Amino acid sequence: MLYKLLRPALFSLDPEDAHRFTLASLDAAHALGLLKLLPRAHGKSVRVMGIDFPNAVGLAAGMDKDGAHINALADLGFGFIEIGTVTPRPQPGNPQPRLFRLPAAEAIINRMGFNNLGVDNLVKNVDASSFKGVLGINIGKNKDTPNEHAVDDYLACLDKVYAHATYVTVNISSPNTQNLRELQKDEALDALLSSIKLRQSELAQRHGSYVPIALKIAPDLDDAQIAAIAALLMMHRIDAVIATNTTIARDTVAGLPNADEAGGLSGAPVRAASTRVVSALARHLKNEVPIIGVGGILSGADAHEKIAAGASLVQLYSGLIYRGPELVRECIQHLV
Ligand SMILES: Cc1cc2nc3c(=O)[nH]c(=O)nc-3n(C[C@H](O)[C@H](O)[C@H](O)COP(=O)(O)O)c2cc1C
């Protein structure tokens, strides 16, 4: 209700300014204890990847790339928070403007390009936060690291975040880092997953605890590609798959203002494509690897659609921009 009143003011701002203003306001409200006053839904706990989630509704990666707002975001009632994508070294991302609203379609296009302050800064922020819930840390590669050396970037991030994460997400599906999605292809993915899995078992020994790893994939994959990815997930015993990232398709928004901006499209127009990938994964994975469904969830019914398609957990991003924190509550309640 309150968000409905605030939204026109936020939408009158440049989208990136609105993003910064919203996070700063949430931090201030958290510091004053105001977020604790928000009505809360009582979710059903779920066990996935060997982790107990207090409810099945999480924050998707990209909203808090540096893990600088964890405490405030946790107050919104999420069952888990995913921070990142973080890269080994800080990088500015693409030139602005790089974030666009398509209100008529309840959609966003972004080409942020992994703007972040680097993995060391993220680890400091996680250490400074008092959050005790389920924290996913999403890792990527720097823009200037060639794909032949991408694995080094993922391993460098994995080494640093391992002891600070409840699970780690390997993001190979952003459309805004040139050629990143090439890593979803057979040999490249096989090589990446075997290096990651080997390092995971070394780190598990060193730290005396096993931290699960999830792979985040794109919606722009055909059934043969999804089948090939599923086979590699099972072969390498990857702990979960997150489906999906944003889409490069524009058929669902053709003709709308901003529709021709380069980048990844999210929100309502990606929902069907994401759910199709969740369903196809569920068919191929036969319950061997759990699925986290994300893409175009703007209502409790949309969250349920992902679970019905085979997801064990869901994540939200663009829906929060259009619906506000009420969406978290609605999804949790709907899933109960
Ligand atoms: C502005 C913006 C930035 C994003 N940044 C990231 C990111 O850094 N890493 C990532 O894995 N996904 C990122 N995403 C993708 C979301 O996590 C999510 O997978 C996608 O937007 C589909 O969900 P939605 O329709 O609920 O937004 C970003 C999305 C948006 C809108």
Side-chain angles (χ1 to χ4, degrees), residues 14-16 18-20 22-23 57-67 78 80-87 91 93-94 96-102 105-117 122 136-143 154 157 167-177 180-181 183-184 214-220 241-249 252-253 258 261 263-275 277-278 291-299 302-303 305-306 311 313-323 327-328 331:
D14 162 77
E16 223 172 305
H19 176 83
R20 272 189 295 272
T22 303
L23 288 173
V57 181
L59 174 69
M63 182 165 289
D64 188 6
K65 291 188 191 263
D66 292 308
F78 291 108
F80 59 114
I81 306 266
E82 188 167 315
I83 59 173
T85 298
V86 72
T87 56
Q91 60 179 30
N94 289 319
Q96 295 185 32
R98 54 192 180 177
L99 184 59
F100 306 88
R101 300 184 194 96
L102 291 78
E106 297 185 296
I108 301 285
I109 290 176
N110 92 84
R111 51 169 179 270
M112 303 301 286
F114 292 167
N115 54 309
N116 78 102
L117 297 173
L122 175 135
I137 303 184
N138 179 309
I139 59 176
K141 76 164 194 77
N142 278 111
K143 178 185 174 169
Y154 287 100
C157 284
Y167 71 90
V168 176
T169 300
V170 172
N171 179 13
I172 50 167
S173 48
S174 166
N176 303 314
T177 295
L180 189 79
R181 288 180 168 199
L183 297 173
Q184 295 179 127
L215 184 75
K216 184 163 178 180
I217 65 171
D220 310 306
V241 55
I242 304 184
T244 67
N245 214 310
T246 56
T247 179
I248 53 170
T252 47
V253 292
N258 289 332
E261 292 292 346
L265 172 69
S266 58
V270 78
R271 185 176 72 234
S274 298
T275 302
V277 176
V278 171
I291 303 164
I292 302 174
V294 49
I297 298 177
L298 277 98
S299 69
D302 297 341
E305 175 186 290
K306 294 282 192 275
L313 300 163
V314 297
Q315 291 180 322
L316 319 172
Y317 189 152
S318 303
L320 295 167
I321 295 170
Y322 285 96
R323 297 279 323 277
L327 178 63
V328 184
C331 290

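Whatever order the structure lists ligands and atoms in, that order sets their numbers, starting from 1. For clarity, every value in this text was computed on a predicted model and none was experimentally measured. Counting from 1, the numbers follow the sequence of the chain as shown.
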Taking 4.0 angstrom as the limit and counting only heavy atoms of Gly296, give me the atoms of ligand 1 inside it, by number and element. 24 (P), 25 (O), 26 (O)
Atom indices of ligand 1 within 4.0 angstrom of Leu99 heavy atoms, with elements: 1 (C)
Hey, could you give me the [atom1]/[atom2] distance between [X] and [Y], rounded to the nearest 0.5 Å?
| X | Y | atom1 | atom2 | value |
| --- | --- | --- | --- | --- |
| Asn245 | Tyr317 | CG | OH | 11.5 Å |
| Arg323 | Glu106 | CZ | CD | 8.5 Å |
| Asn94 | Asn110 | CG | CG | 9.5 Å |

Polar contacts were defined as any N/O atom of the residue lying under 3.5 Å from an N/O atom of the ligand; does this apply to [X] and ligand 1?
| X | value |
| --- | --- |
| Val294 | no |
| Ala61 | yes |
| Thr85 | yes |
| Tyr317 | yes |
| Thr246 | no |
| Phe114 | no |

With a cutoff of 4.0 Å, is Thr169 in contact with ligand 1, counting heavy atoms of the residue only? no
Examine ligand 1 and decide if any of its atoms is less than 4.0 Å from a heavy atom belonging to Ser174. no
Could you work out, with salt bridge (charged side-chain N to carboxylate O under 4.0 Å, His left out) as the rule, every residue matching Asp220, not counting sequence neighbours? Arg181
Measure the distance from atom 4 (C) of ligand 1 to every protein heavy atom, then report the residue, atom name and distance (to 0.1 Å) of the closest one. Gly62 CA, 3.7 Å
Leu59 and Leu320: side-chain contact (heavy atoms from CB on, under 4.5 Å), yes or no, with the steps? CA-CA 9 Å; Leu59 174 69; Leu320 295 167; 3.6 Å; yes
Looking only at heavy atoms, is any part of [X] under 4.0 Å from ligand 1, and if so is it the side chain, the backbone, or both, or is it neither?
| X | result |
| --- | --- |
| Asn245 | both |
| Arg271 | neither |
| Ile242 | neither |
| Lys216 | side chain |

Between Asn138 and Ala61, is there a donor-acceptor pair closer than 3.5 Å when you use the side chain of the first and the backbone of the second? no
Out of Glu16, Lys65, Gln315, whose heavy atom sits nearest atom 5 (N) of ligand 1? Lys65
Which residue in the set Asn176, Asn115, Ile109 passes side-chain contact (heavy atoms from CB on, under 4.5 Å) when paired with Arg98? Asn115
